[in-house]
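Encoded as structure tokens, the structure appears first; notes follow it.
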Number of protein chains: 2
Amino acid sequence: MKQYHLGIEATLEIIGGKWKALIICLLISGAKRTSELQRHIHGISQKVLIQQLRELEEDGLVRRHVYQQMPPKVEYSLTEYGVTANKIVDVMCTWGKENIKRRQCQGEDIVLLEDESMGDFE
Amino acid sequence: MKQYHLGIEATLEIIGGKWKALIICLLISGAKRTSELQRHIHGISQKVLIQQLRELEEDGLVRRHVYQQMPPKVEYSLTEYGVTANKIVDVMCTWGKENIKRRQCQGEDIVLLEDESMGDFE
DNA sequence: CTGTATCCTCAACGATACTG
DNA sequence: CAGTATCGTTGAGGATACAG
């Protein structure tokens, strides 16, 4: 019998990885292909990306859709349950933006480049 | 110049570690001693706990207060800024609880033992 | 393009002992 | 009790090559 002591423990197990919240964040704006995701997640390798997607799939947050065609095309999207994680990701985005502003005011040399090219292209 | 593409990236850098959100969660209910924290965070070693606390301190979320006495006593608490992270931790707790319920309904053998002994003692 | 399989590296973590 | 130092382990993640 697995035991938790706080709700947050379960949350961290599922989206506590280094990249998962970010992946969900990107998928909120719509289904994305593997390569698309990788392009938007700076520093992640293909191997790890796919691995994280698999785990999110197992936990019921992400759905994988294969188009039978050549060349291959695969899209990942959020399940209805995955969409509920929106709540978390959303506050994380907001808080993060404020954090960046705060640090800029303190003189840190950082910048937030809002990615334009995300909504709908392909 | 450090570049971010989404607000959430900054958030993950700061509280994306394995334990940090949990630590903040525990500190919301009030200042805690090192040993107290360790007791509530199952599976963390003292070394890592202190390390994470130091990082949270550097990022301005946590304050360290040393009582000059023997035996030594140190308490950690949230700064005003740390308290703002409440928003994130709070949804994570809520979502986690719902996640546990959901999985219980699906037949998983898990349980959430709400820690009684947390608010005020000592 | 998507995904698997290897190999390899490095940093995070655990355990322990020790200091104040 | 709080914290540091050291050593050893392990596993996550990177790089690359290759298959469908």
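Letters A, B, ... mirror the listed sequences (proteins, then strands); counts begin at 1. As the structure is a prediction and not an experimental result, all values here were calculated from the model.
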Could you tell me if the side chain of [Y] sits less than 4.5 Å from the side chain of [X], heavy atoms only?
X	Y	result
B:Asp109	A:Lys2	no
B:Arg64	B:Val74	yes
B:His40	A:His5	no

Checklist entry - By a strict heavy-atom criterion of less than 4.0 Å, which residues belonging to residues 10-22 of chain B are in contact with DNA chain C? => result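 Heavy-atom contacts with DNA chain C come from no residue of residues 10-22 of chain B; none.
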Next on the checklist: Please list, in numerical order, the residues of residues 62-72 of chain A that have a heavy atom closer than 4.0 Å to any atom of DNA chain C.
Outcome noted: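 The stretch gives A:Arg64, A:Pro72 as the residues lying under 4.0 Å from the strand, ordered by number.
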Next on the checklist: How close do B:Leu112 and A:Gly7 get, counting heavy atoms only, and between which atoms?
Outcome noted: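 Scanning both residues, the minimum pair turns out to be CD1-N, 3.9 Å.
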Whole-Å distance between [N] [atom2] and [X] [atom1]?
X	N	atom1	atom2	result
A:Gln46	D:dA19	CD	P	15 Å
B:Glu36	D:dC1	CD	C1'	12 Å
B:Lys47	D:dT4	NZ	C1'	10 Å

Checklist entry - Among pairs that include at least one residue of residues 90-102 of chain A, which meet salt bridge (charged side-chain N to carboxylate O under 4.0 Å, His left out), considering only residues two or more places apart or in two chains? => result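 Qualifying pairs: A:Lys97-A:Glu114.
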Checklist entry - Can you tell me how far the CD1 atom of A:Ile88 sits from the OG1 atom of B:Thr94, to the nearest 0.5 Å? => result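 So the CD1 of A:Ile88 and the OG1 of B:Thr94 are separated by 8.5 Å.
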Checklist entry - Taking atom CG of A:Leu56 and atom CD1 of A:Ile15, what is their separation to the nearest 0.5 Å? => result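 Here the rounded value is 9.0 Å.
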Checklist entry - Hydrophobic cluster mates of B:Ile50, side-chain heavy atoms under 4.5 angstrom, ILVMFWY only, any path? => result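 Its cluster partners, ordered by chain and number, are none at all.
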Next on the checklist: Which residues pass the ring pair (Phe, Tyr, Trp, His ring centres under 6.0 Å) test with B:Trp95, not counting sequence neighbours?
Outcome noted: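 For B:Trp95 the ring pair (Phe, Tyr, Trp, His ring centres under 6.0 Å) partners, ignoring immediate neighbours, are A:Tyr81.
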Identify, with sequence neighbours excluded, every residue that meets side-chain contact (heavy atoms from CB on, under 4.5 Å) alongside [X].
X	answer
B:Gln69	B:Tyr67, B:Lys73
A:Glu108	A:Arg103, A:Ile110
B:Lys47	B:Ser45, B:Gln51
A:Gln3	A:Met1, B:Val111, B:Leu113

Item to check | Selection: residues 48-61 of chain B, any non-hydrogen atom under 4.0 Å of DNA chain D | outcome: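 DNA chain D contact set from residues 48-61 of chain B: B:Ile50, B:Arg54.
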Next on the checklist: Quick test of your reading of the model: are A:Glu13 and A:Lys20 salt-bridged, counting only N-O distances below 4.0 Å?
Outcome noted: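 A salt bridge is absent here (no side-chain N lies under 4.0 Å from a carboxylate O).
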Next on the checklist: Donor-acceptor check, side chain of B:Ser77 to backbone of B:Ala31, threshold 3.5 angstrom: yes or no?
Outcome noted: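 Absent.
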Next on the checklist: At a heavy-atom distance below 4.0 Å, which nucleotide of DNA chain C is the first touched by chain B, and which is the last?
Outcome noted: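 Boundary nucleotides touching chain B, in 5' to 3' order, are C:dC13 to C:dG20.
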Checklist entry - Taking five pairs at each end of the helix from C:dC1-D:dG20 to C:dG20-D:dC1, what angle separates the two helix axes (nearest 10°)? => result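 Computed from the C1' atoms at both ends, the axes differ by 40°.
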Checklist entry - Are OP1 or OP2 of D:dG3 and a side-chain N or O of B:Tyr76 less than 4.0 angstrom apart? => result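 Answer yes for this pair, as a side-chain N or O of B:Tyr76 is under 4.0 Å from OP1 or OP2.
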Checklist entry - Does OP1 or OP2 of D:dA2 have a side-chain N or O of B:Arg33 closer than 4.0 Å? => result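 Yes, such a contact exists.
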